[in-house]
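Scope of the values below: all heavy atoms of this structure, side chains included, with no hydrogens, waters or symmetry mates. The first residue of the sequence shown is numbered 1, and numbering continues consecutively from there.
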Amino acid sequence: ILLLLTRPGAVRLLVSSEILTEYLKVLTREKFGLQDETVAILLHNLDGLAKTIIPKQKLDLLPDPDDNKFLECAVEGKASYLVTGNIKHFPFSVYKQVRIITPATFIKKFK
């Protein structure tokens, strides 16, 4: 995926403030061993690369309510794909225009 991001226009990343907040919580977990400064730099860089979306519609479709924010962002941003390693948390493979796929499937599509 990183190589795809180096090609201008190849991939458009979408985030919302809720997604960035979740990434902050996850990346500061002790098990990752990342220093606060490193996390801040990573999130700053991600925020600079991504288009920030403000979802207008709240969804309540997924077994884990915390995952709805990713689908909300993808739908509002008119994404073609929602790429997730937690595909089992999504009971459908397509919602509106958004196809839910794994990182491995995403990479295969763009080889």
Side-chain angles (χ1 to χ4, degrees):
I1 291 178
L2 293 176
L3 292 175
L4 293 172
L5 297 177
T6 63
R7 292 181 12 218
V11 175
R12 183 175 56 126
L13 297 174
L14 305 175
V15 295
S16 66
S17 61
E18 293 86 2
I19 290 171
L20 290 173
T21 298
E22 178 157 332
Y23 287 170
L24 175 63
K25 288 178 190 173
V26 170
L27 291 172
T28 55
R29 290 180 185 159
E30 192 173 312
K31 71 179 182 177
F32 293 116
L34 297 173
Q35 295 180 358
D36 290 345
E37 183 179 330
T38 302
V39 172
I41 290 168
L42 287 170
L43 292 178
H44 175 77
N45 289 340
L46 176 61
D47 192 33
L49 288 171
K51 179 177 181 179
T52 300
I53 301 297
I54 302 170
K56 294 180 183 96
Q57 181 183 12
K58 288 290 186 188
L59 299 174
D60 186 21
L61 301 172
L62 303 173
D64 181 350
D66 287 338
D67 288 335
N68 285 303
K69 69 175 94 23
F70 297 98
L71 191 56
E72 293 164 0
C73 182
V75 170
E76 187 68 34
K78 297 180 176 41
S80 298
Y81 302 99
L82 189 160
V83 182
T84 178
N86 290 325
I87 202 159
K88 65 183 178 203
H89 293 170
F90 291 82
F92 38 78
S93 60
V94 178
Y95 179 76
K96 297 198 176 187
Q97 83 282 0
V98 181
R99 286 180 267 167
I100 296 112
I101 60 174
T102 65
T105 301
F106 185 77
I107 289 169
K108 285 178 189 173
K109 286 189 165 297
F110 290 95
K111 270 190 171 181

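- Note that CZ of R99 is 11.5 Å distant from OG1 of T105, once rounded to the nearest 0.5 Å.
- One hydrophobic cluster, built from ILVMFWY side chains closer than 4.5 Å, cannot hold both L49 and I41; they sit in different ones.
- In this structure, F92 is a member of the same hydrophobic cluster as V98, with clusters built from ILVMFWY side-chain heavy atoms closer than 4.5 Å.
- When the side chains of ILVMFWY residues are joined at heavy-atom separations under 4.5 Å, either directly or via intervening members, I19 and L43 end up in a single hydrophobic cluster.
- In this structure, the ring-ring contact (aromatic ring centres under 6.0 Å, His included) partners of Y81, at least two apart in sequence or on a different chain, are F106.
- Heavy atoms only, all atoms of each residue included: L61 and L71 are closest at CD1-CD2, 4.0 Å.
- Exactly one residue among V83, L82, L62, L59 makes a side-chain contact (heavy atoms from CB on, under 4.5 Å) with F70. That residue is L82.
- Across all non-hydrogen atoms, the minimal contact from Q57 to E72 is O-CG, 3.5 Å.
- At a cut-off of 3.5 Å, with distance as the only test, a side-chain donor of H89 or D67 sits close to an acceptor on the other residue.
- Heavy-atom minimum distance, I100 versus I87: O-CD1, 3.6 Å.
- Rounding to the nearest 0.5 Å places NZ of K69 at 11.0 Å from CG of L20.
- Atom NZ of K51 sits about 10.0 Å away from atom SG of C73, to the nearest 0.5 Å.
- Under the 4.5 Å side-chain heavy-atom criterion for grouping Ile, Leu, Val, Met, Phe, Trp and Tyr, I101 is not connected to L14 through any hydrophobic cluster.
- In this structure, D47 and V15 approach most closely via the heavy-atom pair OD1-CG2, 4.4 Å.
- For the pair N45 (side chain) and L42 (backbone), a donor-acceptor distance under 3.5 Å is absent.
- In the hydrophobic clustering of ILVMFWY residues, with side-chain heavy atoms under 4.5 Å counting as a link, L13 and Y23 come out together.
- Separation of atoms CG (L27) and CG (D36) is listed at 11.0 Å; rounding is to 0.5 Å.
- The distance from atom CD1 of I53 to atom CD of E18, rounded to the nearest 0.5 Å, is 11.5 Å.
- Cluster partners of I54, using a side-chain heavy-atom cutoff of under 4.5 Å among ILVMFWY residues and allowing indirect links: none.
- Separating the CZ atom in F90 from the OH atom in Y95 is a distance of 12.0 Å, to the nearest 0.5 Å.
- Contact record, D66 with E22: O-OE1, 3.9 Å, taken as the closest heavy-atom pair.
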